[in-house]
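Read the structure below first, then the notes.
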Protein chains: 2
Amino acid sequence: MLAITVKMHVIASMLDSSPDQTRTPSAATTRLWIALMRTQRILLAAIEQDLKAADLPPLGWYDVLWELVRAEKGRLRPFEIEAHTLLAQHNLSRLLDRMEEAGLVRREVFPQDGRGRWVLVTEAGRAMQQRIWTVYGASIERHLGEKLADADADQLAGQLARLIRG
Amino acid sequence: MLAITVKMHVIASMLDSSPDQTRTPSAATTRLWIALMRTQRILLAAIEQDLKAADLPPLGWYDVLWELVRAEKGRLRPFEIEAHTLLAQHNLSRLLDRMEEAGLVRREVFPQDGRGRWVLVTEAGRAMQQRIWTVYGASIERHLGEKLADADADQLAGQLARLIRG
DNA sequence: CATACATATATGCAATTGCATCCATTTTGA
DNA sequence: TCAAAATGGATGCAATTGCATATATGTATG
């Protein structure tokens, strides 16, 4: 499976990235780092609070549901969800436990590989994804969308994305 | 004390911010939200990993040490640290337990208010702050600083800051 | 000035996360 | 072909976090 090759390559490239202990960031870089951390934390806290106020589960649940809903046949392998959501493997495994317990997803065997599983979203899961989006989307709009024009948002998103590509 | 007035004002303003459930974010806003979350998470994970690889404590410890080192007389009240670092009160309280146990800070009574405490950074704490910065700074530079020019960083930091002001 | 309310900090307990490791299955390659 | 290495996923246990509440003290109000 192609994923194997990719993974080994990724790991190998990560291993040789030992920090150069001699360099120091510029004041501008440091300001950007702090701004990035603070902005994300404050917005995330505000949005998570809106979800909690509406008696909805935390964002991680939404991320998983969204990936499943948009996936073909409403199913993915755990490692695919992991890659999309950036959740750690063991955290995802347990998040899926909770979501399965809540009836939002189901796990089934993956016949082509005895180690694997399918994770499928249930009807209740689809309904929950939509219910969460009602609140989540409104919250994103209120805390973020209202603060800037779409053109600025797009440009800013592009600049942020460049920080982690290449 | 001024802090009282501020707090009540902040709480009051937060309480009336009920989400408008009817609005939905634009595609641009949603892209920005996702970019912000992903970029912050990926960079933070990379940097925390560098710290761990150097056998240093997590970033929260640095944030507290930094606030104390820069503060007059190397001391602050817990609620001041809380405000600067965005740590939750109970989390800070326990973080300070651990840091005190590690000999990096000390708690002393605050005579002017029987409820309060001083948190002071020790010599070991100052040394640790510098030791962490060696690695942390290099890591910021490598993961972030190298990706863009200072002018771009400054501009980007300004745009991010605008998202949480007003 | 007494009573109710606010503030500063701490803490018990449950839920989540991190870490290491385990298990079962592929895949690789001598 | 078969042992060694890699993968996909789960799990035991410790550390951290979240949540509610406790404790002590300060401030305001009738």
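Sequence lines set the chain letters: A, B, ... in the order given, protein chains first and strands last, and positions in each chain run from 1.
Closest approach of V135(B) and A54(B) over heavy atoms only: CG2-CB, 4.0 Å. Considering all non-hydrogen atoms of both residues, L120(B) and L68(B) come closest at C-CD1, 4.5 Å.
With dG18(D), dA8(C), dT11(D) as the choices, the nucleotide that has an atom nearest any side-chain atom of R94(B) turns out to be dG18(D). Set against dT9(C), dC13(D), dT25(C), the side chain of Q89(B) has dT9(C) as its closest nucleotide. Listed nucleotides dA10(C), dA20(C), dA6(D) differ in distance to R115(A); the shortest reach to its side chain belongs to dA6(D). Picking from dG18(C), dC19(D), dT16(D) the nucleotide with the shortest atom distance to the side chain of H90(A) gives dG18(C). Closest to the side chain of D113(A), from the set dG18(D), dG18(C), dT25(C), is dT25(C).
Between N91(A) atom CG and dA14(D) atom C1' the separation is 14 Å, expressed in whole Å. One can place CG of L76(B) at 15 Å from C1' of dT9(C), the figure rounded to the nearest angstrom. A straight line from CZ of F79(B) to C1' of dT25(D) spans 14 Å, rounded to a whole angstrom. With rounding to whole Å, E82(A) atom CD is found 11 Å from dA10(D) atom P. Protein atom CG of L95(B) is 13 Å distant from nucleotide atom C1' of dA15(D), rounded to whole Å. Distance L92(B) CG to dC19(D) P: 17 Å, rounded to the nearest Å. Residue R107(A) contributes atom CZ, which lies 17 Å from atom P of dA24(C) at whole-angstrom precision. For R117(B) and dT23(D), the CZ to C1' distance is 12 Å, given to the nearest whole Å.
For the pair A88(B) and Q112(B), nearest-nucleotide mapping onto DNA chain D gives the more 5' position to A88(B). Comparing E80(B) and G114(A), the nucleotide of DNA chain C nearest to each residue sits closer to the 5' end for E80(B).
Salt-bridge formation is not detected for the pair E100(B)/R98(B): no Lys NZ or Arg NE/NH1/NH2 atom is positioned less than 4.0 Å from an Asp or Glu carboxylate oxygen. By the 4.0 Å N-to-carboxylate-O rule, R77(A) lies too far from E80(A) to be salt-bridged with it.
Residue K52(A) places at least one side-chain N or O under 4.0 Å from the OP1 or OP2 atom of dC19(D). Contact annotation: R98(B) does not reach the phosphate of dA15(D) (side-chain N/O to OP1 or OP2, under 4.0 Å). Residue R77(A) places at least one side-chain N or O closer than 4.0 Å to OP1 or OP2 of dG9(D).
No hydrogens or angles considered: a donor-acceptor pair under 3.5 Å links the side chains of D50(A) and H143(A).
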